[in-house]
Amino acid sequence: MKTIKQFSFIILALLALTSCKKDDGEVKVNSSGKLTATTSTFENGKWVSGTFEASSVTTVKSGNDYTITAKNAANDVITVVITGATGVGKIQSPAVKWGYIKGGKDLVPASGSQSGSVEITASTANSMIGKFSFDGSGGAVTGDFDVTF
């Protein structure tokens, strides 16, 4: 069941990405980068604080749209979806979304009620560095990323 939920979440993220207009017609996928975060999630009737350090990061770039999927050693998954990034700067929701699967439970679905921002602090044709802060119905997360694509 845990694997099905994780797979379903990744498929939904990829479907959302492929339905977006592609500026340059090229899709790049790379499994290289870092993502760390501080998390606060509502589980079993209480708020739980934690940290997240990715053991693997995959970035999908299509035009100016990016999906960063990070998985930690416990197979928890944080996904950051950025729409319309054009360089260094801050992007607010709804142009950015996030999801968090912890222990096989989809605590913060990317399609759910949420708000937040991503600040891109450095950007090249093949890499991006930034930080993010999100709140959703099932939790909150703040962190940073350094990815190539």
Side-chain angles (χ1 to χ4, degrees), residues 1-20 27-85 88-124 126-149:
M1 187 72 156
K2 178 172 104 173
T3 304
I4 292 171
K5 285 184 179 181
Q6 289 174 338
F7 183 71
S8 297
F9 183 76
I10 291 169
I11 293 298
L12 287 174
L14 289 174
L15 284 173
L17 180 65
T18 59
S19 67
C20 297
V27 176
K28 296 180 181 179
V29 179
N30 194 332
S31 297
S32 175
K34 296 185 333 182
L35 185 142
T36 58
T38 301
T39 62
S40 179
T41 52
F42 194 72
E43 304 172 51
N44 302 317
K46 62 181 179 180
W47 285 98
V48 178
S49 296
T51 58
F52 182 99
E53 185 165 343
S55 55
S56 69
V57 178
T58 300
T59 304
V60 178
K61 176 186 185 293
S62 177
N64 292 330
D65 302 333
Y66 302 83
T67 300
I68 303 167
T69 305
K71 185 184 288 189
N72 68 8
N75 280 333
D76 300 334
V77 179
I78 290 180
T79 303
V80 178
V81 179
I82 306 167
T83 304
V88 173
K90 194 170 198 174
I91 303 169
Q92 303 276 30
S93 58
V96 293
K97 293 191 175 287
W98 72 296
Y100 186 32
I101 297 172
K102 181 179 179 187
K105 294 181 182 177
D106 196 353
L107 298 176
V108 183
S111 60
S113 174
Q114 56 178 259
S115 63
S117 65
V118 171
E119 184 174 357
I120 300 169
T121 56
S123 180
T124 70
N126 298 314
S127 67
M128 185 183 336
I129 298 172
K131 53 188 174 180
F132 55 90
S133 178
F134 291 104
D135 290 306
S137 56
V141 65
T142 58
D144 52 66
F145 59 87
D146 182 348
V147 296
T148 58
F149 37 83

Tell me the closest heavy-atom pair linking [X] and [Y], and the distance in Å.
| X | Y | answer |
| --- | --- | --- |
| Val88 | Ser123 | CG2-N, 4.1 Å |
| Thr51 | Thr39 | N-OG1, 4.1 Å |
| Ala70 | Val57 | CB-CG2, 4.1 Å |
| Val96 | Ser117 | CG2-CA, 3.9 Å |
| Val141 | Ala37 | CG2-CB, 3.4 Å |
| Ser31 | Thr58 | OG-OG1, 3.4 Å |

Qualifying residues under side-chain hydrogen bond (donor to acceptor under 3.5 Å, both in side chains), relative to Glu43, sequence neighbours excluded =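 Applying side-chain hydrogen bond (donor to acceptor under 3.5 Å, both in side chains) to Glu43 gives Thr41, Lys102.
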
Return the set of residues passing side-chain hydrogen bond (donor to acceptor under 3.5 Å, both in side chains) with Thr124 (not counting sequence neighbours), or none when no residue passes.
->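 Result, side-chain hydrogen bond (donor to acceptor under 3.5 Å, both in side chains) vs Thr124: Ser127.
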
Report yes if the side chains of [X] and [Y] come closer than 4.5 Å at any heavy-atom pair, otherwise no.
| X | Y | answer |
| --- | --- | --- |
| Thr59 | Thr148 | no |
| Leu35 | Phe52 | yes |
| Phe132 | Ile82 | no |

Does any N or O in the side chain of Asp135 come within less than 3.5 Å of the main-chain N or O of Gly116, such that one atom is a donor and the other an acceptor?
->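 Absent.
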
Report yes or no: does Asp65 contribute a side-chain atom to a donor-acceptor pair with the main-chain N or O of Gly84 at less than 3.5 Å?
->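 Checked: pair present.
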
In this structure, are over 12 heavy atoms from other groups packed under 6.0 Å from Glu53 atom CD?
->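 Count not over threshold, so no.
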
Just how far is it from atom [atom1] of [X] to atom [atom2] of [Y], taken to the nearest 0.5 Å?
| X | Y | atom1 | atom2 | answer |
| --- | --- | --- | --- | --- |
| Ile78 | Asn72 | CD1 | CG | 8.0 Å |
| Ser55 | Asn75 | OG | CG | 7.5 Å |
| Lys61 | Thr67 | NZ | OG1 | 12.0 Å |
| Ile120 | Tyr66 | CD1 | OH | 7.0 Å |
| Asn44 | Lys46 | CG | NZ | 7.0 Å |
| Ile101 | Thr79 | CD1 | OG1 | 6.5 Å |

Classify the angle between the aromatic ring planes of Trp98 and Phe134 as parallel (below 30°), tilted (30 to 60°) or perpendicular (above 60°).
->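 Correct class here is parallel.
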
Audit row: Val77, Thr69, side chain to side chain contact (heavy atoms under 4.5 Å, CB included) steps and yes/no = CA-CA 7 Å; Val77 179; Thr69 305; 3.7 Å; yes

